[in-house]
Every structure is written in C-alpha cells, then in structure tokens.
Amino acid sequence: MRWRKKIHKGRQATGIVEGAFSGWKVILNVDQTKEAGFRRLLQSGGAKVFSGHSVSLFKEATHLFADFSKLKPDDTRVNVAEAAAQGVNCLKPEYIADYLIQEAPPPMESYCLPEAESYLQNNTELETGLSQKRKALGETSRVKRSRIH
C-alpha cells in the first residue's frame, strides 16, 4: 500500500512512474516453482529480470537473488562469489518482501548470501579504512591552536 501511494504521488507530481524496483537489474537462481512469481513481482515494480544467470550478466546486474536450499541437485547454481566480486548485491530472496514492507529499506548486509559475505566484509573494511584515512588526513591538515587562559 505504501508503494502504491508513493507511485501515485510521484505520478501526480512529475508524471513519471517509478516502481519499487526501478533501476534494479536482477538475476534469479531460485526454485523453478517460485521463479515465475518473483519475476512477475520484480518486473511489475520496474526491475529488469534477466533470463538465466550466466557470468556475462554479472557486469550488468545490480542484484542477484539465490536460494540454493530449494534447488534440485541437478539445477544450475550461479557463482555467487564471482558475482559479488563484480559488484552485484548477492542476497536471499527474503530481501524482496522486506524491502517492500519495511518503511526504510532494510540493510542488505542482513540478507547477504554466505558465499558473498567475505567480499562484503572486504568491501566494508576497505570503506572503513578509507574513511578513517580521510579523517586522519583531515585532522592533520587542520592547524591546532593552543588555548590561552
């Protein structure tokens, strides 16, 4: 309901219609019986959902949703680590529903696929390290004045 109201207001204000998933380019690797439902939901919200999950799509994709526990032994499994290394957000499908329902978008880290966690941690450490470096540089570049009492 919240998204319907947001879309309605946007349409009235700008004439531009953007769905909940606008800008998302998605690879799905879930159970065949659920894939069609996820595809319809994502597409109705403005996402582009790729057919298949080949490595060549990792450069274009923004999100990858996979649930290996529900796949059959002979089903193809996407290389999550490779997708994460190329900057794709590799998440559990539960993120989709929570993204729609919760007022603020939930933190992706809570839905990260185990195969992508090490990449996420490396990325977070890198960002933390850079921000600490920036702070240190900023502090040293300022001239400190001594207080006179």
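The model shown is predicted, which means the values in this text are computed figures rather than measured ones.
- Side chain of Asn29 to backbone of Thr76: a donor-acceptor contact under 3.5 angstrom is found.
- Taking the six-membered ring where the residue is Trp, Tyr95 and Tyr99 present tilted rings, their angle falling between 30° and 60°.
- Among residues two or more places apart in sequence or in another chain, the side-chain hydrogen bond (donor to acceptor under 3.5 Å, both in side chains) test is passed with Tyr111 by Asp98.
- Ser56 pairs by the side-chain hydrogen bond (donor to acceptor under 3.5 Å, both in side chains) definition with Ser54, not counting sequence neighbours.
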Please table the atom pairs, donor to acceptor, closer than 3.5 Å between any side-chain atom in residues 38-50 and protein atoms at least two apart or in another chain.
from	atom 1	to	atom 2	distance (Å)
Arg39	NH1	Val49	O	3.4
Arg39	NH2	Glu35	OE2	3.1
Arg39	NH2	Phe50	O	3.4
Ser44	OG	Arg40	O	3.1
Ser44	OG	Leu41	O	2.8

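- For the residue pair Val78 and His53, the shortest heavy atom distance occurs at CG2-O, 3.7 Å.
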>> Under the criterion side-chain contact (heavy atoms from CB on, under 4.5 Å), I'd like the reasoning laid out for Met108 against Leu91: C-alpha separation, chi angles, the key distance, then a yes or no.
In response: CA-CA 7 Å; Met108 283 193 221; Leu91 308 168; 4.0 Å; yes

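- In this structure, Val26 is a member of the same hydrophobic cluster as Val30, with clusters built from ILVMFWY side-chain heavy atoms closer than 4.5 Å.
- Here CZ of Arg77 is found 6.5 Å from CZ of Phe68. Values are rounded to the nearest 0.5 Å.
- The two residues Gly19 and Ser22 come nearest to each other via the heavy atoms N-OG, 2.8 Å.
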>> Would Lys92 and Leu113 count as a side-chain contact (heavy atoms from CB on, under 4.5 Å) here? Give the steps.
In response: CA-CA 6 Å; Lys92 297 171 187 169; Leu113 293 171; 3.8 Å; yes

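- Listed by chain and number, the residues in a side-chain contact (heavy atoms from CB on, under 4.5 Å) with Ala84 are Cys90, Ala116, Tyr119 (sequence neighbours excluded).
- Rounding to the nearest 0.5 Å gives a distance of 11.0 Å between OG of Ser51 and CD1 of Ile27.
- No continuous path of hydrophobic side-chain contacts links Phe65 to Leu57 [ILVMFWY only; heavy atoms under 4.5 Å].
- Residues satisfying the side-chain hydrogen bond (donor to acceptor under 3.5 Å, both in side chains) criterion with Gln86, sequence neighbours excluded, are Glu82.
- Pairs passing the salt bridge (Lys or Arg N to Asp or Glu O under 4.0 Å) check and including a residue from residues 59-75, sequence neighbours excluded, do not occur.
- Distance check: Thr62 OG1 to Phe21 CZ gives 11.5 Å after rounding to the nearest 0.5 Å.
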